Amino acid sequence: MTPKETHIAIVGGGTAGWLAALMLQKASQGANGPRISVIESPNIPTVGVGEGSTSVFRQVLLDLGIDEMAFLRETGATLKFGIRHAGWRKDGKDYFGPIDDPNVMGPVPAGLPANWLHHAQIAGGRNVADLHLFTRLMRGNRSAFAQKGGRLLALSAYHHAYHFDQARLGRFLASKAKGIRHIKTEVEALDRDTNSGRITALRCTDELRIPVDLVVDCTGFRRAIISQMGSTWVSYADMLPLNKAMPFWLDHDPQADIAPYTLAQAMGAGWMWGIPVQDRMGCGYVFSDAYLTPETAQAEIEAKLRRPIDVRRVIDINPGRLRHAWIGNCVALGLAQSFLEPLEATSIHGTLVQLLLLLRHQPRQLAEGVSPGAIRDFNETVARQVDDFAQFINLHYAGGRTDTDFWREVTQNGIAPAQRDRIAQWHNRAISRADFTPLPRGLPHVEEQLYTPVLDGLGLLPKGPSKAALGTAQNRKLARTAIAGLDAEFSAAARVALRHRDFLRQAI
């Protein structure tokens with residue numbers, strides 16, 4: 001007997017929608033999977049001023065069988081190795097937050113923590129970021145590839161990340177969605193079962209009625225479907241006070257290299273992002289309107305850049321998340337599920353990890369319905385994931401600046417109590433993986449490998465606990481030997497790495 005056909009409808013295209021479609025489709029192969037549709041409004045404009053990913057995005061692209069060079073060529077994307085944080089410290093110094101992890105380059109000696117090489121750097125009074133290959137590539141505006149015999153060769157096994165224009169990425173992903181129905185219409189109402197509350201069909205403005213078994217809400221800030229399912233909002237305004245974003249574009253200097261990092265420049269009442277794509281720089285000022293009007297924010301930007309800017313619009317930010325991302329047969333992903341400051345590329349990363357959590361179930365099983373316990377577990381895990389992201393972003397403000405009203409307030413009252421407690425704890429005991437609760441199945445999450453460069457960059461990790469974590473003189477000697485080997489290896493790799501702009505010319 002042929003099983004009943006089931007239908008998963010993804011409402012909203014864009015990055016989240018098309019990634020959901022492609023990942024659900026791949027997981028359905030050979031499993032008598034459901035029909036998948038993307039329902040996209042033809043009337044929703046995109047701001048599109050640059051976005052960054054984490055390395056998980058590259059892993060997903062490769063898993064989907066997408067050619068990396070075709071992706072770079074068709075989207076105008078660039079490579080990203082981390083973030084350059086400018087002006088976040090009270091002394092005004094910059095620091096890098098690389099996304100590679102040198103601690104995984106070899107076996108960890110028995111009895112030592114997983115982040116032992118980071119501790120060796122701290123104990124020796126050296127910057128944690130200096131240990132990383134990606135820091136060398138960022139400082140030299142290099143790529144992750146060398147050229148040999150006319151071929152591009154990867155310099156390491158580390159996954160890098162990307163910068164891209166969201167609108168171009170959405171179109172590129174849509175072009176790869178073979179066998180996925182693309183419906184351009186506007187959903188205006190839901191048909192719901194009177195007993196269970198489950199959505200049975202989507203009613204559209206053109207009188208189209210689309211029967212559904214599972215709806216994935218990727219409608220961004222509108223939250224067009226999940227908002228009708230009784231969702232409530234958990235606000236992070238107490239620890240993430242920036243509530244306005246002012247995006248704009250800048251032209252590249254044609255004579256300069258293209259930086260392989262996101263610039264996060266601290267400003268008077270927030271910070272400004274700089275995300276280089278191939279043909280221009282996507283920028284924006286995220287600020288608190290308790291301290292600046294849009295007019296004074298624009299004036300501050302122009303004074304900083306010494307040039308006028310063309311503001312695309314001013315966006316309201318309400319940082320937070322849904323209390324329940326999955327209600328009935330509706331799951332919210334992407335900006336429909338949560339939004340934080342655009343720092344540390346949490347949005348796309350969170351979407352991908354949530355999709356991987358969702359795909360612990362076969363797509364057909366998702367469409368036919370999973371147990372209330374499975375939905376509860378998903379909601380609790382997603383809530384903790386976003387809560388942890390918010391805490392991590394809050395940590396970035398702990399550098400002690402007091403030179404403006406905004407920075408005085410955030411330094412004195414804006415660091416979350418839980419983060420203050422952890423910082424105090426790490427002044428007496430070395431930071432370790434045991435301080436963080438992992439996600440199920442070892443899915444990537446914000447843990448000590450990301451915290452340590454930020455804490456060290458802000459000057460918040462003293463030498464003593466790291467010396468104690470290393471223990472014996474023999475362990476310290478092992479660490480010095482390992483670091484010397486990595487230094488030689490990474491220095492050699494950086495010397496032969498193609499400059500970022502030269503690599504992009506060859507890739508496209």
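These numbers were taken from a predicted model, which means no experiment stands behind them.
- S231 contributes a side-chain N or O that, together with a main-chain N or O of I226, makes up a donor-acceptor pair within less than 3.5 Å.
- Interatomic distance, L498 CG to S143 OG, rounded to the nearest 0.5 Å: 4.5 Å.
- Judged purely by atom type and a 3.5 angstrom limit, Q354 has no side-chain atom pairing as donor or acceptor with the backbone of L333.
- When side chains are defined from C-beta on, R84 does not count as touching T262, because their heavy atoms never get closer than 4.5 Å.
- Of the residues listed (F392, F389, Y162), the one engaging H349 in a ring-ring contact (aromatic ring centres under 6.0 Å, His included) is F389, and it is the only one.
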Is there a side chain to side chain contact (heavy atoms under 4.5 Å, CB included) between L62 and I66 once you walk through the steps? CA-CA 5 Å; L62 297 178; I66 293 173; over 6 Å; no
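- In this structure, F406 has its ring center closer than 6.0 angstrom to the ring center of Y291.
- S288 and L242 get closest at one heavy-atom pair: N-CD2, 3.7 Å.
- Side chains of N243 and D289: a donor-acceptor N/O pair is present below 3.5 angstrom, by distance only.
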Walk me through it: do K80 and Y261 pass the test side chain to side chain contact (heavy atoms under 4.5 Å, CB included)? CA-CA 5 Å; K80 173 190 169 185; Y261 55 79; 5.6 Å; no
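- Remark: R223 qualifies as a cation-pi partner of W233 under the 6.0 Å distance and 45° angle criteria applied to the six-membered ring.
- More than 12 heavy-atom neighbours from other residues, nucleotides or ligands sit within 6.0 angstrom of CG on D253.
- The pair R321-D387 meets the salt-bridge criterion, since a charged nitrogen lies less than 4.0 angstrom from a carboxylate oxygen.
- A donor-acceptor pair shorter than 3.5 Å cannot be found between the side chains of T402 and R408.
- Formation of a donor-acceptor pair under 3.5 Å by the E448 side chain with backbone atoms of N115 is not found in this model.
- With no hydrogens or angles considered, a side-chain donor-acceptor pair links D388 and H445 at under 3.5 Å.
- We find that R58 and E68 are joined by a salt bridge, their nearest charged nitrogen and carboxylate oxygen being less than 4.0 Å apart.
- The shortest side-chain heavy-atom distance between W426 and D421 does not fall under the 4.5 Å cut-off.
- Of the charged side-chain nitrogens involved, none lies within less than 4.0 Å of a carboxylate oxygen, so that E40 and K184 do not count as a salt-bridged pair.
- In this model, a donor atom of one side chain and an acceptor atom of the other lie less than 3.5 Å apart for D100 and H132.
- For the pair R422 and Y451, the distance from NZ or CZ to the six-membered ring centre is under 6.0 Å and the angle to the ring normal is within 45 degrees.
- Between E341 and K244, no side-chain nitrogen of the basic residue sits less than 4.0 Å from a carboxylate oxygen of the acidic one, so the salt-bridge criterion is not met.
- In this structure, N394 CG and L340 CG are separated by 11.0 Å, a value rounded to the nearest 0.5 Å.
- Here M23 contributes atom CE and T351 contributes atom OG1; the two are 10.0 Å apart, rounded to the nearest 0.5 Å.
- Closest approach of I10 and C218 over heavy atoms only: CG2-SG, 4.0 Å.
- Aromatic rings from F164 and F57 are positioned such that their centres are separated by under 6.0 Å.
- One N or O on the side chain of D435 and one on the backbone of S432 form a donor-acceptor pair closer than 3.5 Å.
- Below 30°, between 30° and 60°, or above 60°: for H396 and W88 the angle between ring planes is above 60°, a perpendicular geometry.
- With hydrogens and angles ignored, the 3.5 Å screen pairs no side-chain donor or acceptor of R142 with any backbone N or O of H500.
- Contact check for D310 versus W249: no side-chain heavy atoms found under the 4.5 Å cut-off.
- If you check the side chains of T205 and E188, you find no donor sitting under 3.5 Å from an acceptor.
- In this structure, I225 and C330 approach most closely via the heavy-atom pair CG2-SG, 3.7 Å.
- No side-chain donor-acceptor contact under 3.5 Å links H163 to the backbone of A77.
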Apply salt bridge (Lys or Arg N to Asp or Glu O under 4.0 Å) to residues D94 and R89 and explain how you reach the verdict. CA-CA 7 Å; D94 294 5; R89 296 168 52 113; over 6 Å; no
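- With contacts defined as side-chain heavy-atom distances shorter than 4.5 Å, the pair L322/V234 does not qualify.
- The main-chain N or O of T296 is found under 3.5 Å from a side-chain atom of T293 such that the two form a donor-acceptor pair.
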Under the side chain to side chain contact (heavy atoms under 4.5 Å, CB included) criterion, do F221 and I317 qualify, and how do the steps go? CA-CA 9 Å; F221 293 146; I317 294 176; over 6 Å; no
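- Between V454 and E344, the closest side-chain pair of non-hydrogen atoms falls below 4.5 Å.
- Aromatic pair W273/Y285: centroids not less than 6.0 angstrom apart.
- When every heavy atom of E186 is checked against every heavy atom of S41, the shortest pair comes out as OE1-OG, 2.5 Å.
- One distance of note links NE2 of H160 with CG of L137; it measures 10.5 Å at 0.5 Å rounding.
- In this structure, the side chain of T78 does not engage the main chain of Q278 through any donor-acceptor pair within 3.5 Å.
- With contacts defined as side-chain heavy-atom distances shorter than 4.5 Å, the pair M272/I301 qualifies.
- A donor-acceptor contact shorter than 3.5 Å is absent between the side chain of D217 and the backbone of V331.
- For the residue pair A129 and P98, the shortest heavy atom distance occurs at CB-CD, 4.1 Å.
- A donor-acceptor pair under 3.5 Å is absent between the side-chain atoms of E302 and the main chain of P308, judged by distance alone.
- Counting heavy atoms from C-beta outward, Q506 and L152 have side chains that approach closer than 4.5 Å.
- With values rounded to the nearest 0.5 angstrom, H118 atom NE2 is found 9.5 Å from I483 atom CD1.
- Shortest non-hydrogen contact noted between T75 and F71 is OG1-O, 2.6 Å.
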Test side chain to side chain contact (heavy atoms under 4.5 Å, CB included) on S55 and Q59 and set out the steps. CA-CA 7 Å; S55 60; Q59 296 173 57; 4.0 Å; yes
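- Taking OG1 of T452 as the reference point, atom CG of L460 lies at 11.5 Å (rounded to 0.5 Å).
- Comment: D130 does not engage R136 in a salt bridge, judged by the lack of any side-chain N to carboxylate O separation of less than 4.0 angstrom.
- Ionic pairing of R499 and D257 is present here: one or more N-O contacts between side-chain nitrogen and carboxylate oxygen are shorter than 4.0 angstrom.
- Between W116 and N103, the closest side-chain pair of non-hydrogen atoms falls below 4.5 Å.
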